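Working notes, structure below.
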Amino acid sequence: MQQNPFPYSLANKRYHTWDYHLKTKFGEKVGKVSLDGGFSCPNIDGKCGKGGCTYCSYAFRKQTPASLLEQFEAGKQMLHRKWPEIRFYIPYLQANTNTYAPLSELREKYEILLTQPGVVGLSIATRADALPDDVCDYLEEIGRRTYLIVELGLQTAFDDTARRINRGHNYETFLEGYHKLTDRGIPVCIHLIDGLPGETPDRMRETARQVAKLKPHCVKIHLLHILKGTRMADEFAACPADFGMMERENYVGIVCDQLELLPAETVIQRITGDGLRDELIAPLWSLKKTIVMNEIDKELVRRDSWQGKFCR
């Protein structure tokens, strides 16, 4: 059996997995609990745009979230059904833009989560254009108390693609927000989406190169999903050929290319997406997530490659 040349691994993975990172940091498995904090988004309410990113399904849901603690307890129970041994948790404020509210509201919601038994950190998904100084200062203070990660959606480094998907800000704005956080010592997870309309393999690789220069704490690589009820679903129905949806083999190859370009120390929180079966229009092959992940593992072995092999 071929020996794994990648140092940040406890198994056969040739990339720096989130599970490996958490087990190394905390000494055991840690559960991440996804939550909806009931926040809006500046790209939904008109501050920088309306309707949200064209792929975004949150923008079209009339949600009235249960209390955060009720969601948190329900999420813990789901984790325990799969991993009964879990004792530690990271609440993940996922839906919409979770720094887009007055500081007093943010403080109230964040702090109630941080005081729960077994909570060892906090993960906050937001946008680079929703990081006012007072919020960044508060995040810095949280980061001195617990393991904080702020997740920023980049998706692509190409501004023309960002305009096409109604992203609401450009790459320069992303960099400004990224550095506002990292200059305060706040770890950042950067989100990328492969397969956006008009994006070529060269563009996806170039986005990974640009992200590699930033040496982020974490990266999430997502596959584009066409979801029911989104603006992108309407565009896809009108002209599917404009999208050039990726086949599984193409996606696996691109992800491996991107992993080779990213620093070995960067934690890879995700390498594919989780589109809900009853909402997903395309690509349907993405529903078989385990197969996709296994194919990525096999392709790295076939190449005799690993994360960071071509990172300069």
Side-chain angles (χ1 to χ4, degrees), residues 13 17-19 31-38 41 44 51-66 70-84 86 90-96 98 123 125 151 153 155 165-166 189 191-197 199 204 219-255 268-299:
K13 300 295 184 183
T17 69
W18 178 235
D19 187 57
K32 192 174 183 181
V33 182
S34 296
L35 303 168
D36 184 340
C41 173
I44 293 175
C53 301
T54 59
Y55 56 77
C56 180
S57 59
Y58 286 123
F60 301 91
R61 290 176 176 164
K62 303 295 184 183
Q63 297 190 72
T64 305
E70 288 174 347
Q71 290 183 59
F72 184 58
E73 289 302 318
K76 284 167 56 179
Q77 293 308 310
M78 288 181 63
L79 288 173
H80 289 162
R81 285 196 286 272
K82 188 171 183 179
W83 299 289
I86 286 181
I90 296 177
Y92 173 32
L93 289 161
Q94 180 180 21
N96 288 333
N98 294 278
S123 187
E151 302 195 9
Q155 324 315 359
I165 62 175
N166 195 41
C189 178
H191 291 215
L192 306 179
I193 296 181
D194 287 340
L196 290 168
E199 290 273 280
M204 296 176 224
V219 165
K220 281 184 177 179
I221 302 174
H222 296 257
L223 170 67
L224 176 67
H225 290 138
I226 309 294
L227 300 176
K228 295 176 182 177
T230 63
R231 291 167 61 187
M232 188 171 282
D234 294 337
E235 295 169 3
F236 181 73
C239 193
D242 282 355
F243 282 75
M245 297 299 294
M246 299 181 78
E247 297 297 333
R248 187 179 71 195
E249 294 78 8
N250 304 123
Y251 180 73
V252 166
I254 290 297
V255 170
I268 307 300
Q269 283 204 28
R270 177 171 288 186
I271 56 170
T272 187
D274 290 302
L276 296 176
R277 184 177 297 272
D278 60 351
E279 295 184 6
L280 183 66
I281 296 173
L284 294 178
W285 58 260
S286 66
L287 291 169
K288 298 181 178 180
K289 178 180 175 182
T290 301
I291 292 177
V292 177
M293 297 175 69
N294 289 341
E295 289 300 313
I296 290 169
D297 292 338
K298 289 192 289 186
E299 175 63 12

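What you are looking at is a predicted structure, and each value in this text was computed from that prediction instead of being measured.
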Is the shortest heavy-atom distance from the side chain of [X] to the side chain of [Y] under 4.5 Å?
| X | Y | result |
| --- | --- | --- |
| H225 | P283 | yes |
| I268 | T17 | no |
| C56 | N166 | no |
| M232 | F243 | yes |
| D19 | K13 | no |
| P240 | M245 | no |

Nearest heavy atoms of [X] and [Y], plus distance in Å:
| X | Y | result |
| --- | --- | --- |
| I281 | K228 | CG1-CG, 3.7 Å |
| S286 | L223 | CB-CD2, 3.5 Å |
| A233 | I226 | CA-CG2, 3.7 Å |
| Q94 | A125 | O-CB, 3.8 Å |
| L224 | G195 | CD2-O, 3.1 Å |
| Y92 | K32 | CG-CE, 3.4 Å |

Distance in Å, [X] [atom1] paired with [Y] [atom2], rounded so as to fall on 0.5 Å steps:
| X | Y | atom1 | atom2 | answer |
| --- | --- | --- | --- | --- |
| I296 | I291 | CD1 | CD1 | 12.5 Å |
| L79 | K76 | CG | NZ | 10.0 Å |
| R231 | I165 | CZ | CD1 | 11.0 Å |
| Q269 | K220 | CD | NZ | 5.0 Å |
| I193 | I221 | CD1 | CD1 | 12.0 Å |
| K289 | I271 | NZ | CD1 | 9.0 Å |

Legend entry - Qualifying residue for side-chain contact (heavy atoms from CB on, under 4.5 Å) with T272, from V255, D194, V252, V292: V292

Inset, instruction - Take atom NZ of K288 as the centre, draw a 6.0 Å sphere, and report whether it contains more than 12 heavy atoms from other residues, nucleotides or ligands. - result: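 It does not: K288 NZ has 12 such atoms or fewer within range.
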
Inset, instruction - Decide yes or no on side-chain contact (heavy atoms from CB on, under 4.5 Å) for I254 and M246, but give the supporting numbers first. - result: CA-CA 10 Å; I254 290 297; M246 299 181 78; 3.9 Å; yes

Inset, instruction - Could you tell me whether the side chain of E151 and the main chain of S123 form a donor-acceptor pair under 3.5 Å? - result: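 Here the side-chain-to-backbone pair does not exist.
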
